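Contents: one structure, followed by commentary.
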Number of protein chains: 2
Amino acid sequence: MVASRGAANACPPTDKACPPPGDSSPQRRRRNAAETRQLLLAKARWRFARDGYAATTVRDIADDAGVNVALINRYFTSKEGLFEACLTTASSEVRRDADEMPSAGIAQAIAHRLAGANKSEDLPDALLLLLRSSGDERIDGLRRNVLQSVSEKLARAAADSQGNTEALLRAQIVLATSLGISVLRASTGVQPLASATAEELLAPLTDLVNVMLPPDQEKPGRS
Amino acid sequence: MVASRGAANACPPTDKACPPPGDSSPQRRRRNAAETRQLLLAKARWRFARDGYAATTVRDIADDAGVNVALINRYFTSKEGLFEACLTTASSEVRRDADEMPSAGIAQAIAHRLAGANKSEDLPDALLLLLRSSGDERIDGLRRNVLQSVSEKLARAAADSQGNTEALLRAQIVLATSLGISVLRASTGVQPLASATAEELLAPLTDLVNVMLPPDQEKPGRS
DNA sequence: ACCTCAAGTCAATGCTTGTTTACATATTGC
DNA sequence: GCAATATGTAAACAAGCATTGACTTGAGGT
């Protein structure tokens, strides 16, 4: 708390001893630009999603990747460039996922994505990234665009007719639920939500999606 | 983007020209410890909730309050102490609000809180603060405790019988929805959610609460 | 085998940050 | 009014930050 003299910052936001997953790269050629670029991207994405932009230092990312800090500036020109690259890849993942969203079984898809039970497992990180800001206006615009179009796709996937404003609002509330669950799971250990499996999430989310994104035109009964 | 040489940080996370509300304090005695302490607390809470812990500088807060930076350390001993003070006040507000939650009309209460249409208006900030971390384990424990107990209260307010695990999970999902809506409204301008009024939020939230926190024992029908 | 250039490292550099020390000034009890 | 003290200010400190240019080192073509 009170360092003897002029302690600038005594808060490691994430335990250094908790590195991003997938640390064991079996055979990695010692010098391969494309490979280390991808590695930096993956580690950065994990840190940014978990700790936010400001709390993440480029040295942390470089250490996670096991390379020198200067490579970040070489491959991405700046910390902000790296963040933008992370956001771009995450955005396309989320967009693709929203495109593949089936009209039936939306809740199941969401549950599996949130629990990270899917093949990729890093989709929760992609969602979290959409809530992190670097402070740059242009990059924040990207975030807003993704969220907007995903919510529109979600609204259309349910009731594919008119661009009803309330349908869009409801879709954004479902999106807010997904984001909120991601945040709660990642940054607070609230139980039982934090360690709920996809199967356990499925039942509540099914009810939620059914009532918020009604496949038929008429609203559900409101007691 | 690329400052000529050794530019450390070129990212103002929040526009300096967008100061916290309630800037006009009509008559303020020039020297009043309790008053400036409260002022610092209010401005800090706004910044922390909006930009997060790491992206907020003590100089920003002091400038918002119109006082010298050193006063933060005088009254709160450190930046982290100030953050903890913010979190403590916000926690008690959220706890009190959860206590006053009526068994009927939960959705209405949530909608009004989220839209900031209530008297206090700063409850969305209190919710956002519960998602912000300084990296300190002890303070993060406070956050977790509040979220846990609020979700338990929420679960009991709906179905006040058994401490069913699934009921708790559902309550935490409702909490996640509230937090997600707060974040989306505060940090991304996604429309129509960002500028939805309490009245517009009411209908969807009523459906959501009715299905997620069933007042009766039997589950709603799942198609 | 060697030469070359990409891939990676090292050691500053200047800036920002949180914090503190020394100083100024208003307020209050007498 | 006058000291005593609470309240606020200014300047400086040390550490950490992102960034950069000059350097080493390894892989691949000839």
Side-chain angles (χ1 to χ4, degrees), chain A residues 1-13 16 27-40 43-44 47-48 51-85 134-136, chain B residues 1-13 16 27-40 43-44 47-48 51-85 134-136:
Chain A
M1 194 68 69
V2 50
S4 60
R5 185 75 170 76
N9 196 3
C11 61
K16 308 279 184 185
Q27 76 288 7
R28 177 160 177 257
R29 281 224 321 286
R30 261 82 64 93
R31 293 193 156 189
N32 184 335
E35 194 173 336
T36 54
R37 216 193 98 106
Q38 284 305 112
L39 189 61
L40 277 173
K43 304 295 187 183
R47 284 259 180 201
F48 282 144
D51 300 333
Y53 180 82
T56 300
T57 75
V58 290
R59 285 182 170 87
D60 287 339
I61 299 172
D63 287 352
D64 285 347
V67 300
N68 194 273
V69 206
L71 290 188
I72 287 180
N73 294 96
R74 178 191 283 279
Y75 291 137
F76 302 97
T77 67
S78 70
K79 180 188 182 185
E80 209 156 26
L82 175 56
F83 180 72
E84 185 175 358
S134 74
D136 181 274
Chain B
M1 197 67 67
V2 49
S4 61
R5 183 78 169 77
N9 196 2
C11 61
K16 309 279 182 183
Q27 77 288 4
R28 178 161 176 255
R29 279 223 322 285
R30 258 85 63 96
R31 290 192 162 189
N32 183 336
E35 194 172 337
T36 54
R37 216 192 98 107
Q38 284 305 112
L39 189 62
L40 277 173
K43 305 294 187 182
R47 285 260 180 201
F48 283 143
D51 300 333
Y53 180 81
T56 300
T57 75
V58 290
R59 287 183 168 84
D60 286 339
I61 299 172
D63 288 351
D64 285 347
V67 300
N68 193 274
V69 207
L71 289 188
I72 288 180
N73 294 282
R74 177 191 284 279
Y75 291 136
F76 302 96
T77 67
S78 70
K79 181 189 182 185
E80 211 157 26
L82 174 56
F83 180 73
E84 185 175 359
S134 73
D136 182 273

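So that the names make sense, note that chain A is the first sequence line, chain B the second, and so on, each numbered from 1. Not measured: the values here are computed from a predicted model.
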Give A:A33 one of three labels, base, sugar-phosphate or nothing, depending on what nucleic acid heavy atoms sit under 4.0 Å from its own.
sugar-phosphate

Nearest heavy-atom approach of B:E80 to B:S134 is OE2-OG, 3.2 Å

inquiry  = Side-chain N or O of B:N73 versus OP1/OP2 of C:dT19: is the shortest distance under 4.0 Å?
reply    = yes

Here the distance between atom C1' of C:dA7 and atom CG of A:N68, to the nearest Å, is 11 Å

message: Given 3.5 Å as the limit, does a donor-acceptor pair link the side chain of A:T77 with the main chain of A:N73, or not?
response: no

CG (B:D64) and CZ (B:R59) are apart, to the nearest 0.5 Å, by 14.0 Å

Hey, are the side chains of B:T36 and B:Y75 touching, using non-hydrogen atoms and a 4.5 Å cut-off? yes

By nearest-nucleotide position on DNA chain C, the 5'-leaning member of A:A70 and A:A34 is A:A34

Here the distance between atom C1' of C:dT20 and atom NZ of B:K79, to the nearest Å, is 17 Å

Pull out every protein N or O sitting under 3.5 Å from an N or O of nucleotides 26-30 of chain D, one pair per line with the distance.
residue: D:dA27; atom: OP1; partner: A:R30; partner atom: NE; Å: 3.4
residue: D:dA27; atom: OP1; partner: A:R30; partner atom: NH2; Å: 3.3

Next on the checklist: Can you say whether a donor on the side chain of A:R59 sits under 3.5 Å from an acceptor on the base of D:dG16, or the other way round?
Outcome noted: no

From CG of B:L71 across to C1' of C:dT21 the rounded distance in Å is 14 Å

Between CZ of A:R37 and P of C:dG8 the distance, given in whole Å, is 13 Å

From the candidates D:dG8, C:dA7, C:dT17, the one with an atom nearest any side-chain atom of A:Y75 is C:dA7

Check: Do we get A:K79 above A:F48's six-membered ring, with its NZ or CZ under 6.0 Å from the centre and within 45° of the axis?
Finding: no

To the nearest angstrom, the CD1-C1' distance between B:I61 and D:dG8 comes to 18 Å

C:dG8 OP1/OP2 closer than 4.0 Å to side-chain N/O of A:T36
yes

Close side-chain approach of A:F76 to A:L40, heavy-atom, < 4.5 Å: yes

